[in-house]
Amino acid sequence: MSKMAPNCDVANLNLAQQGKARIEWAAREMPVLKLIMKRFAEERPLEGVRLVACSHITTETANLARALKAGGADALLIASNPLSTQDDVAAALVVEYGIPVYAKKGEDVATYNQHVRIALDHKPQIIIDDGCDVVATLIKERKEQLADIIGTTEETTTGIQRLRAMEKSGVITFPVVAVNDAQTKHFFDNRYGTGQSTLDGVIRATNVLLAGKTLVVAGYGWCGKGVAMRGRGLGANVVVTEINPIKAIEAIMDGFRVMPMEEAAKIGDIFITVTGNRHVVDTHHFLKMKDGAMVCNSGHFDLELNLTGLAEMSGEKRNLRPFVDEYEIKANGNRVVVLGEGRLINLAAAEGHPASVMDMSFANQALSAEFLRKNHGKLHAGIHTLPEEVDVEIASLKLEAIGVKIDTLTPEMVEYINSWEHGT
Ligand code: ADE
């Protein structure tokens, strides 16, 4: 670990002023979280709660942390990915907002894991997780701390997939709120957030023109839909790969070509994985790619591309520019260009989802922490979603903030939708 200041392991505390200015800039696009922060400051619903947030350390996460602190939480932050930390934000959280942070952009996996353990040493009662690494470590290594847990929340599709596997094996002894399952989370963050920020990451890393390129999007979940939609908007010819027949039909009817990766590998210029599964682009796919094909990932973990296999079948890796590494395949001499080391390209090479969508995602996180505290002892162990009224409330506040009014049901309409007598 680098030089330690009290309560932190961050790259450079001198970046705090720059970080603060950027955090305040993001806050302008986070009106819903701002309202929650104001109420939290008055009501202090998290007074004295030891809380760990494992999240990408971005300007948006900083605003969530401010809201949690305003609500009385004794919060500590760690990174949910070794390459996503914004070092100026980490510094500002420590210096300007007095929140302990353990996160450095480019930290190695050993440091990342050490930060997870430092977070657990904080003896959290509430854990806000993104990818489920803290909760998995808690269950594997800190059983004696399980009794302290009021509940946990999970931000991502991947984390919820892991939690469902944990629930099946009976190891979850506390309530978990699946924040990703809220409509005001995945409809917007996964689709519009991932859609824009992923292409932003590809463009910032490479400065390539997308118009006219064949863009292969692996996975047509909410994230894949967003990437495909925005790729088309920038003029790319988008090909989708899927394993789910229903999603494949959806992609076709949305106007995309669908084919197996084996075929797509031969024609793609740029590949983006967003499946949540491993080795979606494997060694036999790399062998079929055109010279100079670019591959990257925007799924939570860095195993969607088989980079170990790629390294084994290639000569020395060459770094061409930040977040751009080239591998030359020995068998055919073709070059494969890997962006962002196969880690989330939107956070490695760009700044992650814009604040406007994270506003709703993190409103869900803040309200989930409050929900867990309010209902301490009343919720069953296992996975919960926030009540639908909360989703509707967040959407209503967002509409109000952006100055959009909508219609309401008339008494005649209410009567109609609640009756069965009316027909032909
Ligand atoms: N996940 C994706 N984008 C993010 C952001 N801007 N902040 C925190 N987590 C994110």
Side-chain angles (χ1 to χ4, degrees), residues 19 22-30 32-33 52-68 75 77-90 92-93 97 99 101-103 105 112 127-134 153-160 178-180 182 184-202 204 221-227 230 272-274 276 296-302 304 340 343-366 368-369:
R22 292 181 58 245
I23 291 166
E24 287 171 358
W25 172 251
R28 292 187 186 194
E29 291 269 337
M30 302 184 88
V32 179
L33 193 61
V52 159
C54 174
S55 180
H56 303 291
I57 305 301
T58 62
T59 52
E60 294 75 26
T61 297
N63 283 304
L64 170 63
R66 291 172 67 197
L68 297 167
L77 262 63
I78 59 168
S80 58
N81 185 292
L83 211 49
S84 62
T85 298
Q86 297 171 5
D87 288 325
D88 56 344
V89 170
L93 280 165
Y97 301 105
I99 297 174
V101 178
Y102 294 81
K105 190 171 180 87
Y112 173 86
I127 297 171
I128 292 179
D129 216 349
D130 183 337
C132 201
D133 280 344
V134 180
T153 73
E154 174 52 53
E155 172 80 2
T156 62
T157 315
T158 295
I160 290 169
V179 166
N180 187 66
T184 46
K185 201 284 185 178
H186 65 266
F187 282 169
F188 307 102
D189 168 315
N190 300 30
R191 181 169 34 173
Y192 301 104
T194 308
Q196 177 168 317
S197 64
T198 298
L199 294 174
D200 186 16
V202 171
R204 289 200 208 188
W222 289 107
C223 296
K225 287 193 219 315
V227 174
R230 290 296 178 248
I272 301 176
T273 52
V274 262
C296 65
N297 167 51
S298 210
H300 186 79
F301 287 118
D302 64 345
E304 303 210 13
R343 297 205 180 273
L344 286 157
I345 189 64
N346 60 337
L347 284 141
E351 293 172 63
H353 304 349
S356 180
V357 284
M358 294 315 294
D359 186 28
M360 289 187 283
S361 307
F362 285 164
N364 275 288
Q365 286 289 8
S368 295

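No experiment lies behind these values; they were computed from the predicted model shown. Indexing begins at 1, ligand by ligand and atom by atom, following the structure's order.
The distance criterion of under 3.5 Å between nitrogen or oxygen atoms is not met by N346 with respect to ligand 1. Taking only nitrogen or oxygen atoms, main chain and side chain alike, H56 does not reach within less than 3.5 Å of ligand 1.
Between the side chain of E304 and the backbone N or O of G276 there is at least one donor-acceptor pair closer than 3.5 Å. Judged purely by atom type and a 3.5 angstrom limit, E154 uses its side chain to pair as donor or acceptor with the backbone of C132.
Residues T157 and N180 have side chains that bring a donor and an acceptor to within less than 3.5 angstrom of each other. Judged by distance alone, the side chains of S55 and T61 do bring a donor and an acceptor atom under 3.5 Å apart.
Below 4.0 Å from some heavy atom of T61 lie the following atoms of ligand 1, by number and element: 7 (N), 8 (C). Distances below 4.0 Å separate heavy atoms of E351 from the following atoms of ligand 1: 6 (N).
Residue E155 does not touch ligand 1, judged by heavy-atom distances below 4.0 Å. When non-hydrogen atoms are compared, ligand 1 lies under 4.0 Å from the side chain of E60 (C-beta onward) but not from its backbone.
When only non-hydrogen protein atoms are considered, atom 3 (N) of ligand 1 lies nearest to H353 N, 2.8 Å. For atom 5 (C) of ligand 1, the closest non-hydrogen atom of the protein is T58 OG1, 3.6 Å.
Rounding to the nearest 0.5 Å places NE2 of H353 at 12.5 Å from CZ of R191. Rounding to the nearest 0.5 Å places CG of N364 at 10.0 Å from OG1 of T153.
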